**Q** 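Take this structure first; my questions come after.
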Amino acid sequence: MNKLANLAAACGIIVATMSAANAIPIYIAADFSGGISTVKDLGSSLGLQRTNTCSGCAAGSVSGNVLFDKSLVPGNGTGVVNVPLAAVAGASNNVVFDIVFGIRPLEFKFGDSDIVGGPSIQFKNGVFSGFFLVKDFSYNGTPFELSVQGGVWDIRGWKNHSYSDLAASGYLNVGNSGLTNQTVFDPVQQPAEIATVPEPTTVALIVFGVWGLIMARRRESLRARAEVNERSHTKEDPGLPRSNSAPEKELPADREPNAS
């Protein structure tokens with residue numbers, strides 16, 4: 001019974017895995033934007049200005065675009081979930097993800113080296129809530145670190161053996177209206193052969209077929225063992241001496257030998 005339960009559990013896992021593998025990606029291309037709230041002297045050297053003092057100018061702007069699989073967006077009640085972005089056939093790295101700060105500009109895109117966190121697109125209860133990534137970079141020989149945590153970001157310079165010198169910080173526009181100009185992206189089909197995944201019913205038949213073979217072998221083994229035991233009971237005990245002489249006949253009473 002334990003074997004049957006384990007087999008049924010394995011079958012369920014296989015079917016669930018195939019269902020996930022069979023999910024059809026729905027790629028959505030969208031734009032996003034944000035602003036700059038704080039700019040220190042180190043941030044001014046990067047060509048950044050506060051958005052509220054530079055409304056509409058490039059120095060105070062934050063903008064970008066993203067390409068993500070809508071079928072992976074978590075549902076309501078799931079809390080904060082980071083969904084890693086991935087390469088898509090026919091889409092360049094700056095189409096998958098690209099974010100630009102200020103007028104210089106400071107640009108970071110998918111595929112850049114040393115990006116921690118993917119980058120990932122973040123959802124809170126199924127609603128867009130920003131991105132997650134950390135990226136070290138150098139500007140005019142000065143090391144910096146960009147950190148995007150959901151709907152907030154900051155850029156810090158290297159000071160006292162850590163990225164502790166704030167250069168600038170700001171926000172991303174999030175929520176239901178955070179992703180704008182959404183369009184469906186049709187990925188280019190690659191000519192390489194794609195392995196087909198068998199249907200769940202096919203896998204179930206294979207699993208139960210294998211189980212039937214196991215049970216048949218088990219019954220055959222039990223039957224052979226019973227026959228061996230039965231034959232062993234009918235044989236003489238090999239420890240007793242065997243006699244080849246015929247049994248002695250009993251003489252009639254009137255022909256018994258006289259006692260001497």
Side-chain angles (χ1 to χ4, degrees), residues 29-68 73-74 78-87 92-125 127-180:
D31 297 331
F32 61 88
S33 61
I36 303 174
S37 304
T38 303
V39 178
K40 301 292 187 179
D41 291 340
L42 196 58
S44 297
S45 68
L46 297 174
L48 303 176
Q49 296 185 33
R50 288 187 300 166
T51 302
N52 61 356
T53 60
C54 183
S55 179
C57 70
S61 67
V62 177
S63 62
N65 55 266
V66 64
L67 179 64
F68 65 98
V73 176
T78 53
V80 176
V81 178
N82 293 320
V83 180
L85 299 175
S92 60
N93 286 342
N94 62 338
V95 171
V96 175
F97 178 78
D98 186 69
I99 187 169
V100 179
F101 300 86
I103 195 173
R104 293 301 166 94
L106 296 175
E107 182 178 16
F108 307 91
K109 60 183 180 297
F110 178 80
D112 284 348
S113 61
D114 301 327
I115 286 186
V116 179
S120 300
I121 185 171
Q122 187 178 98
F123 296 91
K124 183 176 182 179
N125 297 323
V127 178
F128 171 66
S129 60
F131 298 94
F132 173 72
L133 69 99
V134 177
K135 174 72 170 74
D136 296 343
F137 66 98
S138 179
Y139 187 82
N140 287 339
T142 303
F144 290 91
E145 180 186 73
L146 166 66
S147 175
V148 182
Q149 307 287 334
V152 296
W153 61 268
D154 61 52
I155 297 175
R156 296 178 181 271
W158 185 260
K159 183 179 181 181
N160 296 330
H161 308 290
S162 66
Y163 290 107
S164 57
D165 192 5
L166 180 65
S169 63
Y171 59 90
L172 298 176
N173 296 317
V174 298
N176 291 323
S177 58
L179 295 175
T180 60

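Side chains are part of it too, since the values below use all heavy atoms of this structure and drop only hydrogens, waters and symmetry mates. Small disclaimer: the values here were computed from a predicted structure and weren't measured.
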**Q** Using every non-hydrogen atom in the two residues, find where Leu179 and Ala30 come nearest and quote the distance to one decimal.
**A** CB-CB, 4.0 Å

**Q** Mind checking whether Val83 and Val73 have side chains closer than 4.5 Å, heavy atoms only?
**A** no

**Q** Could I get the full list of side chain to side chain donor-acceptor pair (under 3.5 Å) partners for Ser61, not counting sequence neighbours?
**A** none

**Q** List the steps, then state whether side chain to side chain donor-acceptor pair (under 3.5 Å) holds for Ser120 with Gln122.
**A** CA-CA 6 Å; Ser120 300; Gln122 187 178 98; over 6 Å; no

**Q** Within a 6.0 Å radius of atom CG on Asn52, are there more than 12 heavy atoms belonging to other residues, nucleotides or ligands?
**A** yes

**Q** Indicate the atoms forming the closest heavy-atom contact of Asn93 with Gly111, along with that distance.
**A** ND2-CA, 4.1 Å

**Q** Let me see the working for Glu145 and Val134 under side chain to side chain contact (heavy atoms under 4.5 Å, CB included), right down to the final yes or no.
**A** CA-CA 7 Å; Glu145 180 186 73; Val134 177; 3.6 Å; yes

**Q** Could you walk me through whether Trp153 and Ile99 pass the side chain to side chain contact (heavy atoms under 4.5 Å, CB included) test, one step at a time?
**A** CA-CA 12 Å; Trp153 61 268; Ile99 187 169; over 6 Å; no

**Q** Say you draw a straight line from CZ of Phe110 to CG of Asn94; how long is it, rounded to the nearest 0.5 Å?
**A** 11.5 Å

**Q** Do we see a donor-acceptor contact under 3.5 Å between the side chains of Thr142 and Asn140?
**A** no

**Q** Mind checking the CG-CD1 spacing from Leu48 to Ile36? Nearest 0.5 Å is all I need.
**A** 4.5 Å

**Q** Determine the minimum heavy-atom distance between Gly60 and Thr51, stating which atoms define it.
**A** O-OG1, 2.6 Å

**Q** Who are the salt bridge (charged side-chain N to carboxylate O under 4.0 Å, His left out) partners of Asp112, not counting sequence neighbours?
**A** Lys109

**Q** Please check if the number of heavy atoms outside Ile103 that lie under 6.0 Å from its CD1 is greater than 12.
**A** no

**Q** Can you see which heavy atom on Arg50 is nearest to which on Ser37, and at what distance?
**A** CD-O, 3.1 Å

**Q** Answer whether the closest heavy-atom distance between the side chains of Phe132 and Pro119 falls below 4.5 Å.
**A** no

**Q** For the pair Asp165 (side chain) and Arg156 (backbone), establish whether a donor and an acceptor sit closer than 3.5 Å, ignoring hydrogens and angles.
**A** no

**Q** Apply side chain to side chain contact (heavy atoms under 4.5 Å, CB included) to residues Leu133 and Leu146 and explain how you reach the verdict.
**A** CA-CA 8 Å; Leu133 69 99; Leu146 166 66; 4.0 Å; yes

**Q** Identify the heavy atoms of Val81 and Pro74 that sit nearest to each other, and give their distance.
**A** CB-CG, 3.8 Å

**Q** Between CZ of Phe123 and CZ of Phe128, what distance do you get to the nearest 0.5 Å?
**A** 7.5 Å

**Q** How close do Gly150 and Leu172 get, counting heavy atoms only, and between which atoms?
**A** O-CD1, 3.8 Å

**Q** Please report the C-alpha distance between Val100 and Val62 in whole Å, then the side-chain angles of each, then the deciding distance to 0.1 Å, and finally whether the side chain to side chain contact (heavy atoms under 4.5 Å, CB included) criterion is met.
**A** CA-CA 6 Å; Val100 179; Val62 177; over 6 Å; no

**Q** In Å and rounded to the nearest 0.5 Å, what is the CD1 to CG distance from Ile121 to Leu85?
**A** 6.5 Å

**Q** Quick check, are the ring centers of Phe108 and Phe97 under 6.0 angstrom apart?
**A** no

**Q** Taking the side chain as C-beta and beyond, is there a heavy-atom pair between Phe144 and Leu106 under 4.5 Å?
**A** no

**Q** Rounded at 0.5 Å granularity, tell me how far NZ in Lys159 sits from CG in Leu166.
**A** 11.0 Å

**Q** Kindly state each residue pair satisfying disulfide (SG to SG under 2.5 Å) with at least one member in residues 30-60, sequence neighbours excluded.
**A** Cys54-Cys57

**Q** So Thr180 and Asp31, side chain to side chain donor-acceptor pair (under 3.5 Å) or not? Walk me through it.
**A** CA-CA 5 Å; Thr180 60; Asp31 297 331; 4.7 Å; no

**Q** For the residue pair Phe32 and Phe131, is the inter-centroid distance of their aromatic rings smaller than 6.0 Å?
**A** yes

**Q** Answer yes or no: is there a donor N or O on one side and an acceptor on the other, between the side chain of Ser63 and the main chain of Ser33, under 3.5 Å?
**A** no

